[in-house]
Structures are given as C-alpha cells and as structure tokens.
There are 2 protein chains.
Amino acid sequence: MSSIGPEIERLIQLLAKLPGLGPRSARRAVLELLKKREALMEPLALALQDAAAAIKTCAICGNLDTVSPCALCCDSRRDPHILCVVEDVADLWALERANVFRGRYHVLGGALSALDGITPERLNVATLLSRVKDGVEEVILAMNATVEGQTTAHYLLDALAASHVKITRLAHGVPVGGELDYLDEGTLSAAFKARRSL
Amino acid sequence: MSSIGPEIERLIQLLAKLPGLGPRSARRAVLELLKKREALMEPLALALQDAAAAIKTCAICGNLDTVSPCALCCDSRRDPHILCVVEDVADLWALERANVFRGRYHVLGGALSALDGITPERLNVATLLSRVKDGVEEVILAMNATVEGQTTAHYLLDALAASHVKITRLAHGVPVGGELDYLDEGTLSAAFKARRSL
C-alpha cells in the first residue's frame with residue numbers, strides 16, 4: 001500500500017503477530033495508538049522496554065518475574081511441600097486469580113506434542129524431578145484437559161512413580177455457572193461418574 | 001494479583017486499551033511478547049517509539065504520514081480536482097487498498113454525532129470548504145453508511161451547496177460476494193431501487 005509509510009506498515013506487521021490480532025485489527029489498533037500518542041502509544045513503548053529489560057524466567061519454577069527466584073518461590077508463607085505443575089505461566093496466573101492454592105508452582109513451558117515435536121527434554125521436566133526429591137509431599141498435575149495436557153500428565157505420572165510422592169489431578173466436572181445443555185459429552189460423562197452424595 | 005509484577009500488570013493494562021483486545025487477550029499477548037522478547041517485544045517497543053516520533057497529521061488533508069503535506073497530497077500524479085471526503089484515516093487506507101481512486105483525500109476525523117458531542121467545528125470541515133474553492137471539480141462524500149455518516153454527508157451537502165461543485169456519494173448495493181439471504185432490508189431495498197439494465 002503506497003499510502004501507508006514504512007513506520008506504520010512495520011508497526012501493523014508486528015502487532016498482527018500478537019495472538020488475537022490479525023492484520024485488520026492491528027490496523028485499527030495502530031490508528032488508535034496514533035490518535036492517542038501521548039496517552040497510549042508512548043507509555044506502551046516504554047512499558048514494553050521496561051518489561052523486556054526487567055522480566056526474567058525463574059530458575060526454580062519457570063515463572064516470569066523481575067527477580068529469579070521469583071516472588072512466589074521466595075514467599076515463605078507458601079507451602080514448599082506441595083507443588084502445582086502447570087503447562088504455562090498463563091495457567092499459573094489463572095490459578096492465582098482463583099486464589100485457591102498456597103503452595104509452590106512448577107511451569108513446564110508447554111505440553112508434550114508429537115506433532116509439534118515437543119519432547120520431555122524441551123519441557124522443564126528434569127528440574128521438576130529434582131525438586132520433588134527435595135521434601136515435596138504432593139504434586140498436583142494441573143495440565144489442561146486437552147489431549148496434549150493429559151498425555152503430559154500421564155508421562156509425568158510415570159516419571160514421578162519412583163519418587164513415591166502423592167500425585168493428584170484437578171477434578172473434572174460441570175463448570176460453575178455452566179449449563180448442561182451446552183456441555184460436551186466428555187465433561188458430562190466425567191461429572192456423572194464423579195458425582196458426590198449430598 | 002500478587003503473582004504478577006507491576007511491569008507486567010502495567011503492560012496488560014495498556015494493551016487492553018487497544019480496540020479488539022480485552023484484559024484476557026491482553027494477558028495472552030503479554031505472555032507471547034515475553035516469550036519472544038528479542039523477536040517481537042523489543043522490535044515492537046522500537047517501532048512504537050519510531051512511529052510516535054515520526055508520524056504527523058497532514059495539514060492539508062488530515063492523513064497520517066511522516067511528512068506534512070503527506071505523500072498523497074504531494075503526489076503530482078493524483079488528480080487535485082477530485083476530493084474524496086472520508087471520516088477516518090482507516091477509510092482512506094481501505095480505499096487505497098481497493099486501488100480505485102486517483103484523486104486527493106480529505107479526512108474529517110470523525111462523523112457528526114449529537115450523542116458524542118461531535119459538532120462540525122470538531123471536524124476538519126472548514127479546511128474542506130477552503131480546499132473546495134481551490135479549483136476542485138468533484139467532491140465524493142465517502143462517509144460510512146451509518147446514521148452518523150449519512151448525517152455528516154447531508155450536512156456537507158448543505159455546506160458545499162454554495163460552492164457549485166459536483167457532489168457525489170458511493171453507491172449502495174449488494175456487496176461483491178455477498179449473499180442476499182444474509183443482507184439487511186435497507187441494503188436489499190437500496191440495491192433493488194438502484195438496479196441497472198444489462
């Protein structure tokens with residue numbers, strides 16, 4: 001497009017690489033940024049630079065923070081005897097928002113996938129196995145309820161068998177607020193089998 | 001959320017202000033950025049800074065470019081006797097992508113809206129009226145086919161009446177590739193009334 005200068009074109013291309021944004025929404029975002037240069041565009045540029053320079057990956061759990069070990073690993077109020085294993089930092093954030101877990105985390109950095117060539121060596125599995133040796137009593141496998149997530153959970157179950165640690169997984173069932181009519185058969189079947197007496 | 005540092009929190013808040021992104025997709029975008037720090041995050045920060053510093057609003061037509069007057073206004077191959085009036089720079093980009101127009105543009109910077117308090121004084125109307133005096137033969141009112149866009153077009157039609165310039169608008173009709181079944185009654189009615197003999 002001759003009418004768009006190279007600076008704008010480059011910005012559109014970079015923004016379009018973000019998940020949830022395509023070329024069309026990236027163009028809309030760039031126009032919004034250019035209209036709010038001082039209120040949005042310049043602060044965003046600075047915030048990106050700051051975060052890029054400051055954020056590290058925690059050497060213990062794989063979380064993202066400005067310090068390594070991260071604030072969660074350093075928090076002495078969190079129980080070091082329970083490890084919650086998640087695929088991604090996004091899952092850690094989601095659990096922290098739910099505010100249900102006061103132990104420590106371990107971020108695998110993905111899930112096993114033969115298709116995408118994700119082998120156990122490419123995930124933080126070795127560090128998990130060595131952490132478990134260090135007085136851990138329970139490992140919660142909080143993988144996604146997808147084929148890849150469940151494959152990963154099965155793999156970790158085998159890998160952790162020798163350590164004789166207690167291994168649990170999240171419950172499957174009807175999401176809170178969910179309507180049965182809209183749920184898939186797998187979820188309904190799991191919820192039915194795991195029914196509890198009142 | 002205690003687990004997210006202030007740098008990441010600020011980045012999420014800024015990204016969530018972009019059109020098309022909410023808090024959830026902004027979190028996903030930030031994680032993607034943090035995973036691709038050198039390939040995406042740092043280049044994006046630089047591209048934002050470059051564009052914020054370089055991009056100006058064209059003093060003649062209201063387009064965004066690194067120079068003012070913009071490249072379109074300076075392009076001697078474009079016919080200065082035909083002006084295409086659009087609401088926004090996004091509309092100018094869309095028309096340039098369609099590659100149908102070789103005249104000059106005029107960007108109003110919005111549409112009249114009593115609800116949002118957008119009066120003619122807040123749009124680039126005065127500059128349009130003075131440009132029209134300067135040898136312009138045709139003004140194409142390419143506003144959006146919305147209530148605000150059509151109100152703006154009517155207002156401009158009145159405002160331009162004294163200049164005795166030829167005033168046209170874009171045709172209404174069935175979008176190319178569109179299926180009648182999915183079109184609203186207004187479009188169908190306009191397409192029917194404007195039918196052409198073959």
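In what follows, chains are A, B, ... by sequence order, proteins preceding strands, each numbered from 1. For the numbers below, each heavy atom of this structure counts, side chains included, while hydrogens, waters and symmetry mates do not.
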Worksheet item: Looking only at atom types and distance, does a side-chain atom of Ser25(B) sit under 3.5 Å from a main-chain N or O of Leu21(B), one as donor and one as acceptor?
Response: no
Item to complete: Tell me the residues of residues 37-55 of chain B whose non-hydrogen atoms fall below 4.5 Å from those of chain A, in number order.
Response: Arg37(B), Leu40(B), Met41(B), Glu42(B), Pro43(B), Leu44(B), Ala45(B), Ala47(B), Leu48(B), Gln49(B), Ala51(B), Ala52(B), Ala54(B), Ile55(B)
Discussion item. With a strict 4.5 Å heavy-atom criterion, list every residue of residues 104-111 of chain A that contacts chain B, or say none.
Written reply: none
Worksheet entry | Engaged part of Ile12(B) at the chain A interface, taking heavy atoms whose separation is under 4.5 Å | side chain
Discussion item. Is any side-chain heavy atom of Thr168(B) closer than 4.5 Å to one of Leu141(B)?
Written reply: no
Item to complete: Could you have a look at Arg10(A), Gln13(A), Lys35(A) and say which one has the most heavy-atom pairs with chain B under 4.5 angstrom?
Response: Lys35(A)
Practice prompt. List the atom of Trp93(B), the atom of Arg27(A), and the distance in Å for their closest heavy-atom pair.
Written response: CE3-CD, 3.8 Å
Practice prompt. Count the heavy atoms belonging to other residues, nucleotides or ligands that lie under 6.0 Å from NZ of Lys56(A), then report whether that count exceeds 12.
Written response: yes
Fill in: Joint hydrophobic cluster, Ile140(B) plus Ile60(B), side-chain heavy atoms closer than 4.5 Å
no
Discussion item. If you count heavy atoms of other groups shown closer than 6.0 angstrom to NE2 of His154(B), is the number above 12?
Written reply: no
Worksheet item: Any chain of hydrophobic side-chain contacts (each under 4.5 Å) joining Leu129(B) to Met143(B)?
Response: yes
Response to the item:
One option among Leu34(A), Asn99(A), Val67(A) has the most heavy-atom pairs under 4.5 Å with chain B, and it is Leu34(A)
Practice prompt. With a 4.5 Å cut-off on heavy-atom pairs, point out which of Val30(B), Leu14(B), Leu33(B) contacts chain A the most.
Written response: Leu14(B)
Worksheet item: Would you say the side-chain atoms of Arg122(B) pair up with the backbone N or O of Gly117(B), donor to acceptor, closer than 3.5 Å?
Response: yes
Worksheet item: If only atom types and distance count, is the side chain of Arg78(A) paired as donor or acceptor with the main-chain N or O of Asp75(A) below 3.5 Å?
Response: no
Item to complete: Consider only side-chain heavy atoms of I, L, V, M, F, W and Y, link residues closer than 4.5 Å, and tell whether Leu157(B) and Leu123(B) are in one cluster.
Response: yes
Discussion item. So if I take each residue of residues 80-89 of chain A and look for any heavy atom under 4.5 Å from a heavy atom in chain B, which residues do I end up with?
Written reply: Asp88(A), Val89(A)
Worksheet item: Would a 4.5 Å heavy-atom cut-off, applied to side chains only, mark Leu160(A) and Asp158(A) as touching?
Response: no
Worksheet item: Which region of Lys36(B), side chain (C-beta onward) or backbone (N, CA, C, O), has a non-hydrogen atom less than 4.5 Å from a non-hydrogen atom of chain A, or is it both or neither?
Response: neither
Worksheet item: Below 4.5 Å, heavy atoms only, C-beta onward: do Leu112(A) and Thr119(A) meet side chain to side chain?
Response: no
Worksheet item: To the nearest 0.5 Å, what is the distance between CD1 (Ile167(B)) and CG (Leu156(B))?
Response: 8.5 Å
Discussion item. Can you tell me which of Ala26(A), Ala29(A), Pro6(A), Cys70(A) forms the most heavy-atom pairs within a distance under 4.5 Å of chain B?
Written reply: Ala29(A)
Practice prompt. Taking all heavy atoms of Val125(A) and all of Pro120(A), pick out the closest pair and write down the distance.
Written response: CG2-O, 3.7 Å
Fill in: Sidechain N-carboxylate O distance under 4.0 Å for Glu138(B), Arg169(B)
no
Discussion item. For Val174(B), give me all partners under side chain to side chain contact (heavy atoms under 4.5 Å, CB included), at least two apart in sequence or on another chain.
Written reply: Leu180(B), Leu183(B), Ala191(B)
